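A short write-up of the structure that comes next.
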Amino acid sequence: MTALALSLVIPVFNEEENVAELVERCIAVCKATGKSYEIVLVDDGSSDRSRELLCALATDPDNAVVAVLLNRNYGQHPAVLAGLAQSRGDVVVTLDADLQNPPEEIPRLLAKIDEGCDVVGSVREIRRDSWLRRLPSRLINAVVRKTTGVEMNDYGCMLRAYRRNVVDAVLGCHERSTFIPILANSFASRTGEVNVAHSERSAGDSKYNLWKLINLQFDLLTSMTAFPLRLLSIGGVLMAALGFLAGISIGIMRIVYGPEWAAEGVLTVFAVLFIFSGVQLFGLGLLGEYLSRVYDDVRARPRYFVQSVISSDKPASKHDQSSVVPLSNKVKEQA
Ligand code: UDP
Ligand code: MG
């Protein structure tokens, strides 16, 4: 497989009205960059004419379009992964097929990559989605920022550029539920962001219904942290402690004010209930801690990611200066 400078990876799910304009605008942008390029379109089990349109585009020798057809609908992120696996570019840009992310912003992402970033995200300046779609994204963005510590403002925006080594590392992770921007960020040594325009959906409706959206947010959460499980333990301990304190104070009050005060033992029952429920919650959280470790092992993500190895040893090759060996493939061996 010959390497290219740039790959665009675009998931397509029932986007028949958008495909033609999308590809036309992408080709114009790619040509203007003057780089060698390909456009990888992944059909995520569309039931409209998208599939035929992609096939027609890919078989036209004038287009550098590659069509990847999935047998059924897997979801946006698996579709993007399928496209990444097929891509050959040194830099890979992902974007949506609905033209909400204007392809004309791609050169600005590439410029940021040239500045030395491994991953470049984009922030939708004025987001043109309904508040119902925006609210969960806002919440999740804030949580992600807190838990990962990576300052990125808009994880949901899929207009993103990745260097090849990061793409290879992401492909080296074999877990089932993935949220690509977060996974990719964990392999980047420098991330950048650019502000981009965001338009209304060009045609058709959002392909995310409430259920899919909830699923996505859980994928995101679990791919990133096991903290909710720990919250169970913390909640349990707090509850048990509260019950214990209540029990002691009820005992004291009963001695001081007599049996009527304790409502004939009802308060005591509550205190005992708190203690037992707290202990149970703590036990659940403890089980969760084991489970999260098992999950980590099952996912078998690489334990570390070697950016490069620098050595002054002169290898038996033509290079006479210090060699910087990119180890993008190493990650697979460690997985
Ligand atoms: N998409 C997909 N599979 C799905 C859902 C969405 O490939 O199951 C694609 C869709 O065609 C689009 C992108 O993912 O290119 C983003 O979807 P959409 O615009 O509907 O999401 P939103 O803008 O509401 O986040
Ligand atoms: Mg959209």
Side-chain angles (χ1 to χ4, degrees), residues 44 70-85 118-119 136-137 139-150 152 155-156 158 162 165-189 191 208 210-241 274-307 327-335:
D44 188 18
L70 304 184
N71 66 323
R72 65 167 174 88
N73 180 247
Y74 288 91
Q76 181 182 5
H77 288 262
V80 171
L81 277 180
L84 292 180
D118 300 309
V119 174
S137 307
L139 262 174
I140 219 76
N141 278 328
V143 174
V144 176
R145 268 201 303 277
K146 275 257 156 358
T147 41
T148 61
V150 178
M152 276 234 166
Y155 276 96
M158 284 299 279
Y162 307 99
N165 59 348
V166 173
V167 171
D168 285 343
V170 168
L171 289 172
C173 296
H174 298 290
E175 58 211 63
R176 297 271 153 163
S177 346
T178 34
F179 193 85
I180 297 164
I182 293 192
L183 195 57
N185 267 8
S186 69
F187 295 119
S189 55
T191 58
Y208 277 98
L210 185 65
W211 189 244
K212 265 189 170 177
L213 211 59
I214 292 175
N215 226 346
L216 183 77
Q217 311 300 351
F218 272 116
D219 274 356
L220 196 157
L221 193 74
T222 52
S223 77
M224 177 181 77
T225 173
F227 187 69
L229 291 174
R230 193 155 295 167
L231 273 185
L232 270 181
S233 303
I234 296 173
V237 170
L238 286 181
M239 205 162 161
F274 258 60
I275 296 176
F276 275 108
S277 313
V279 169
Q280 274 176 356
L281 268 188
F282 176 73
L284 267 184
L286 201 63
L287 273 181
E289 292 287 333
Y290 282 99
L291 193 69
S292 78
R293 279 156 183 76
V294 173
Y295 180 45
D296 269 347
D297 280 348
V298 171
R299 273 197 305 207
R301 274 191 197 171
R303 269 180 238 187
Y304 50 83
F305 176 58
V306 182
Q307 182 88 23
L327 280 189
S328 53
N329 291 329
K330 264 283 183 276
V331 86
K332 286 193 193 126
E333 290 154 28
Q334 289 146 4

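All figures in this text were calculated on a predicted structure; none of them were measured in a lab.
Here the CZ atom belonging to Arg301 is positioned 4.0 Å from the CD atom belonging to Glu175, to the nearest 0.5 angstrom. Distance CZ/Phe227 to CG/Leu232: 11.0 Å, rounded to 0.5 Å. With values rounded to the nearest 0.5 angstrom, Leu238 atom CG is found 10.5 Å from Leu281 atom CG. The distance from the CD atom of Gln76 to the CG atom of Leu81 is 11.0 Å, given to the nearest 0.5 Å. A distance of 9.5 Å separates CG in Asn215 from OH in Tyr208, rounded to the nearest 0.5 Å. With rounding to the nearest 0.5 angstrom, the CG atom of Asp296 is 10.5 Å from the CZ atom of Arg303.
The backbone N or O of Ile180 sits nowhere less than 3.5 Å from a side-chain atom of Thr178 that would complete a donor-acceptor pair. Looking only at distances, a side-chain donor or acceptor of Asp44 sits under 3.5 Å from a matching main-chain atom of Tyr74. With hydrogens and angles disregarded, no donor-acceptor distance shorter than 3.5 Å links the side chain of His77 to the backbone of Phe179.
Across all their heavy atoms, Tyr162 and Pro181 have their closest contact at OH-CA, 4.0 Å. Considering all non-hydrogen atoms of both residues, Phe187 and Val166 come closest at O-CG2, 3.9 Å. Residues Ala82 and Leu70 share a closest heavy-atom pair of CB-CD2, 4.0 Å.
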Let me check something: any side-chain donor-acceptor pairs from residues 284-293 under 3.5 Å, sequence neighbours excluded? List them with distances.
| residue | atom | partner | partner atom | Å |
| --- | --- | --- | --- | --- |
| Glu289 | OE1 | Arg230 | NH2 | 2.9 |
| Glu289 | OE1 | Arg293 | NH1 | 3.0 |
| Glu289 | OE2 | Arg230 | NE | 2.9 |
| Ser292 | OG | Glu289 | O | 3.0 |
| Arg293 | NH1 | Glu289 | O | 2.9 |

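The shortest side-chain heavy-atom distance between Lys212 and Asn73 falls under the 4.5 Å cut-off.
Counting heavy atoms of neighbouring residues, nucleotides and ligands inside a 6.0 Å radius, atom OH of Tyr295 exceeds 12 of them.
A donor-acceptor contact under 3.5 angstrom links the side chains of Asp118 and Ser189, judged on distance only.
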